[in-house]
Number of protein chains: 2
Amino acid sequence: MVDVPDIVIGRLPIYLRELTRLAEEENQTTTSSHELGQRLGISSAQIRKDLSHFGEFGKQGTGYHINYLIEQLREILHLTQEWPVALIGAGYLGHALAHYDGFKPRGFVITCVFDNDPRKIGENLNGLVVSDIHDMESIIQEKNIKIAILATPANTAQEITDRLVKAGVKAILNYAPIHLNVPPDVQVSYSDPVVQLQRMTYYLTP
Amino acid sequence: MVDVPDIVIGRLPIYLRELTRLAEEENQTTTSSHELGQRLGISSAQIRKDLSHFGEFGKQGTGYHINYLIEQLREILHLTQEWPVALIGAGYLGHALAHYDGFKPRGFVITCVFDNDPRKIGENLNGLVVSDIHDMESIIQEKNIKIAILATPANTAQEITDRLVKAGVKAILNYAPIHLNVPPDVQVSYSDPVVQLQRMTYYLTP
DNA sequence: AATTATTTGTGAAAAGTTACACGAATCACT
DNA sequence: AGTGATTCGTGTAACTTTTCACAAATAATT
């Protein structure tokens, strides 16, 4: 279990999401690697191989008990605790993230919001008061926050990242359209809509 | 040039983004695969291999002329035209996307916005009037739109996707937390912040 | 009880991706 | 003009990831 490829880890949240759907919307208690793969456009063999890195969760002839597999995946992904998250940036995107109701049921709670714009500081954002970015480090350390969502313009992103890392943050979800330099023990995940659109236009005929 | 791996295509927009930065912010006219790789955390050999799928853009001893390489990448990715984009969903996320000023300079223009909520229809969203989703197909076909951004709740996403595909859309950027089923000639790109966070928590010690 | 149909977990093969390393071209400097 | 330093493009090797295919276990059916 020591050295599971990151590409495998990246699929586990997608399995978890679809399993939750199967349980909640289709009211199923059991599924198979074949059914899950069908629904996700992934081969059944890949799903079985992925899961086999962590143990034996299925039963020949039957498949997987959905609630049990959900529980196992939540443990593997360290989702048995709720993770507090710092949100940096209270612009339109910050608003959208602060109001998103999909975080809580899947393990995350936005706990504080920061901005450097005096007009935004003090604003109430879905129950959270926007704090001065000057206080970012102290609040993050006080609340022992390890995850941040970066929703600022590109020109401040690296500078804020450096401050987040110094404050002890170990995972950053970056919405700014820029590559971030971080130490090897800090995770970064990127979300630049234009990069995603440009990848797709390659396949389109102009 | 016929069969370039998708994983290579996915890196080209990142090269393009960093090259633009080098040109605009660092005022450089020339760079090397080594410098570009350093800045992006990618090996120089990989950058050269990636580019070699499409031609020979560099010069031994010198490297790459940035503006020329940008132009070539824009042609490869079909970014010499501006792409009109339909935005589905005028909630908080729709607002954020409609106000994002990063689309235009990188090749995309949100041209129409749809929602099914009567309170939102008619609303002015950064210069765009929100249309009734009932009119989605006719407007998309009339404007010959091939790209859509899906910013709706999960429970309507597949149904709207089916309608988009019927209307001729060939690329969908999906923010709803759900896998979409589409025909093989339609591209889908996913952006679910929770999936990205969950991938990172695997590496965090709880 | 025996037979047939499912389905898992996995070793081995196949396919895909990345890194290495080097010839060749170019540039900078003496 | 010659020497040394850069840098590209690329064939090959190393590594990673996916697919295949099958024994073993279970369930359903006769």
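Throughout, protein chains are lettered first and strands after them, A, B, ... in sequence-line order, and every chain is numbered starting at 1. Scope of the values below: all heavy atoms of this structure, side chains included, with no hydrogens, waters or symmetry mates. Not measured: the values here are computed from a predicted model.
With rounding to whole Å, I47(B) atom CD1 is found 13 Å from dT7(D) atom P. Rounded to an integer number of Å, the gap from CG of L69(B) to P of dC8(D) is 10 Å. Atom C1' of nucleotide dT6(C) and atom CD of Q38(A) are separated by 15 Å, given to the nearest angstrom. One interatomic measurement links the two molecules: CG of L36(A) to P of dT7(C), which rounds to 13 Å at whole-angstrom precision. F54(A) places its CZ atom 15 Å from the C1' atom of dG9(C), with the value rounded to the nearest Å.
Side-chain contact of D50(A) with Q46(A): a donor-acceptor pair under 3.5 Å is absent, judged by distance alone. Residues N67(A) and E71(A) bring no donor and acceptor atom of their side chains to less than 3.5 Å of each other. Using a 3.5 Å distance cut-off with no hydrogens or angles, the side chains of D6(B) and Y203(A) do pair a donor with an acceptor.
Y15(B) is linked by a ring-ring contact (aromatic ring centres under 6.0 Å, His included) to nothing, counting only residues two or more places apart in sequence or in another chain. Every residue meeting the ring-ring contact (aromatic ring centres under 6.0 Å, His included) condition with Y190(A), not counting sequence neighbours, appears here in chain and number order: H179(A).
Taking the six-membered ring for Trp and thresholds of 30 and 60 degrees, Y100(A) and F103(A) have ring planes more than 60 degrees apart, a perpendicular arrangement.
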query = Once each nucleotide of nucleotides 9-19 of chain D is scored for protein heavy atoms under 4.0 Å, what B/S/- sequence comes out, 5' to 3'?
reply = BBBB----SSB
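Residue T62(B) has no polar side-chain atom (N or O) positioned under 4.0 Å from OP1 or OP2 of dT26(C).
Looking at heavy-atom distances under 4.0 Å, S44(B) makes no contact with the nucleic acid at all.
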